[in-house]
Structure formats: structure tokens, C-alpha cells
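Report on one structure; see the data block that follows.
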Amino acid sequence: KQEVTQIPAALSVPEGENLVLNCSFTDSAIYNLQWFRQDPGKGLTSLLLIQSSQREQTSGRLNASLDKSSGRSTLYIAASQPGDSATYLCAVNRSWGKLQFGAGTQVVVTP
Amino acid sequence: GAVVSQHPSWVICKSGTSVKIECRSLDFQATTMFWYRQFPKQSLMLMATSNEGSKATYEQGVEKDKFLINHASLTLSTLTVTSAHPEDSSFYICSAQDSGAEKLFFGSGTQLSVL
């Protein structure tokens with residue numbers, strides 16, 4: 001059974017620092033892995049999607065890596081801003097469209 | 001980008017009543033939509049897969065008679081929580097995948113509170 005774990009559960013950093021969010025999964029048989037941002041009481045915003053054959057994806061200040069063999073993905077956010085405060089979720093696509101989510105990392109970036 | 005509209009965004013109801021939540025793909029067709037539930041401080045959990053024109057597929061432990069799913073068209077799926085009870089209070093969110101696309105697009109979610 002696939003299990004997705006995110007560490008840390010919460011993170012508070014001053015503005016300008018880089019953020020490192022970790023995600024691990026137990027079953028390497030995945031189609032892809034996706035990182036989302038969730039704001040309180042709102043839906044999900046897709047940040048990055050990494051196919052199982054890829055090692056990383058980048059978008060602006062965001063970079064996500066994937067090591068399928070070890071069951072790990074890391075999301076890096078460079079030069080954090082207060083607007084980056086949110087909960088970040090990773091999710092593995094275990095079969096077409098069915099995502100298994102981690103519990104999330106709650107990030108607070110203080111001015 | 002693709003947009004998925006979900007409403008209502010929040011609903012408060014009395015115990016024993018039924019609540020319907022709608023999920024629409026606005027600018028693409030979605031043969032399959034997914035319904036998730038999130039309790040406070042917990043992960044989003046897949047409840048069911050909604051297939052246009054056929055019965056929904058429910059995940060283990062989800063009561064199909066309680067959570068009725070109807071996927072009447074390629075752009076609309078509904079989730080009805082029947083005879084809601086306080087333990088059904090949760091954040092419900094849908095997702096849809098455009099044909100040929102890899103990303104899933106999520107609705108904005110519905111916060112259900114059952115009194």
C-alpha cells in the first residue's frame with residue numbers, strides 16, 4: 001500500500017531564506033508526482049508535475065526533484081516571500097488520475 | 001489554463017438533510033472526475049472516481065449509498081451527501097483531467113458543516 005509522508009509538518013522562515021520541503025513515498029511504481037499549493041479554505045494550485053522518467057522540474061523560483069528509486073521528492077523554493085505562506089502538498093499519481101496525497105507542510109514566511 | 005468550478009464553496013446544514021455539491025469543467029471535457037475529502041490536519045483522501053455515463057468507483061471504506069455521485073455529462077459531476085451527520089463535516093474537493101493532459105485541475109473545494 002502506497003504511503004506518502006511529508007516532512008516537516010510545519011516550517012517558519014524569515015523572508016529571503018530558501019525553503020526545502022521533503023516528500024517520501026513507499027511504492028516507486030508511480031506515473032508521476034505533483035506538488036500543489038493549498039491556501040486556507042481554498043482549492044489546490046498545481047505547482048510542478050514530474051513524470052516518473054524525469055529527475056526534476058523547474059518553474060521560476062520553484063524546483064522539484066524526484067528520485068523514484070529511493071522514493072523521495074524535494075521541493076525547493078528560492079528566496080522565499082510572505083506570499084509563499086501556504087500549505088504545500090505532494091501527491092503521487094498511483095494510477096490514471098488517482099492521487100495519493102501527503103499530509104502537507106505548512107509554511108509561514110515572516111516579513 | 002483549464003478551470004474547474006465547484007460550488008457551493010461552503011454549506012451548513014442540519015443533521016439528516018442531504019447536500020449536493022457540483023463540479024464543472026468550464027473549458028474542457030472530462031470523462032473522469034475525482035472526489036476527495038479532507039478532514040482537519042489530515043491528508044486529502046480519494047473518495048471515488050466519477051465516470052461519465054457509468055457508475056462511480058468508490059474507494060475502500062467509502063459508503064456508496066451515502067455519497068451519491070452522478071456524472072451526467074462530460075462537464076458536470078455531482079456529489080450528494082445523503083442524510084448528513086456531524087461526522088461528515090469535512091472539506092470536499094473535486095478534480096478533473098483534460099483528455100490528453102497530464103495535470104489534474106482542482107475545484108476550489110466545499111467546506112461542509114453538519115450541525
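Lettering follows sequence order; numbering is per chain, from 1.
At a 4.5 Å heavy-atom cutoff, the contact between A:L89 and chain B is made by side-chain atoms alone. Using a 4.5 Å cut-off between heavy atoms, B:L44 touches chain A through backbone and side chain atoms alike. For a residue to count as touching a neighbouring chain, one of its non-hydrogen atoms must lie under 4.5 Å from one of that chain's; by this rule A:Q38 touches chain B with the side chain only. B:E59 touches chain A through its side chain: at least one heavy atom from C-beta onward sits under 4.5 Å away, while N, CA, C and O do not.
You'll find the ring centres of B:F106 and A:F36 inside the 6.0 Å limit.
Counting heavy-atom pairs under 4.5 Å between each of B:Q6, B:Q38, B:M33 and chain A puts B:Q38 at the top.
A donor-acceptor contact under 3.5 angstrom links the side chains of B:E22 and B:H7, judged on distance only. Side-chain atoms of A:E56 and A:N63 include a donor-acceptor pair closer than 3.5 Å. Under 3.5 Å, the side chains of B:D88 and B:S90 contain no donor-acceptor pair of N or O atoms.
Looking at A:L19 and A:Y88, their side chains never come closer than 4.5 Å, going by heavy atoms from C-beta outward.
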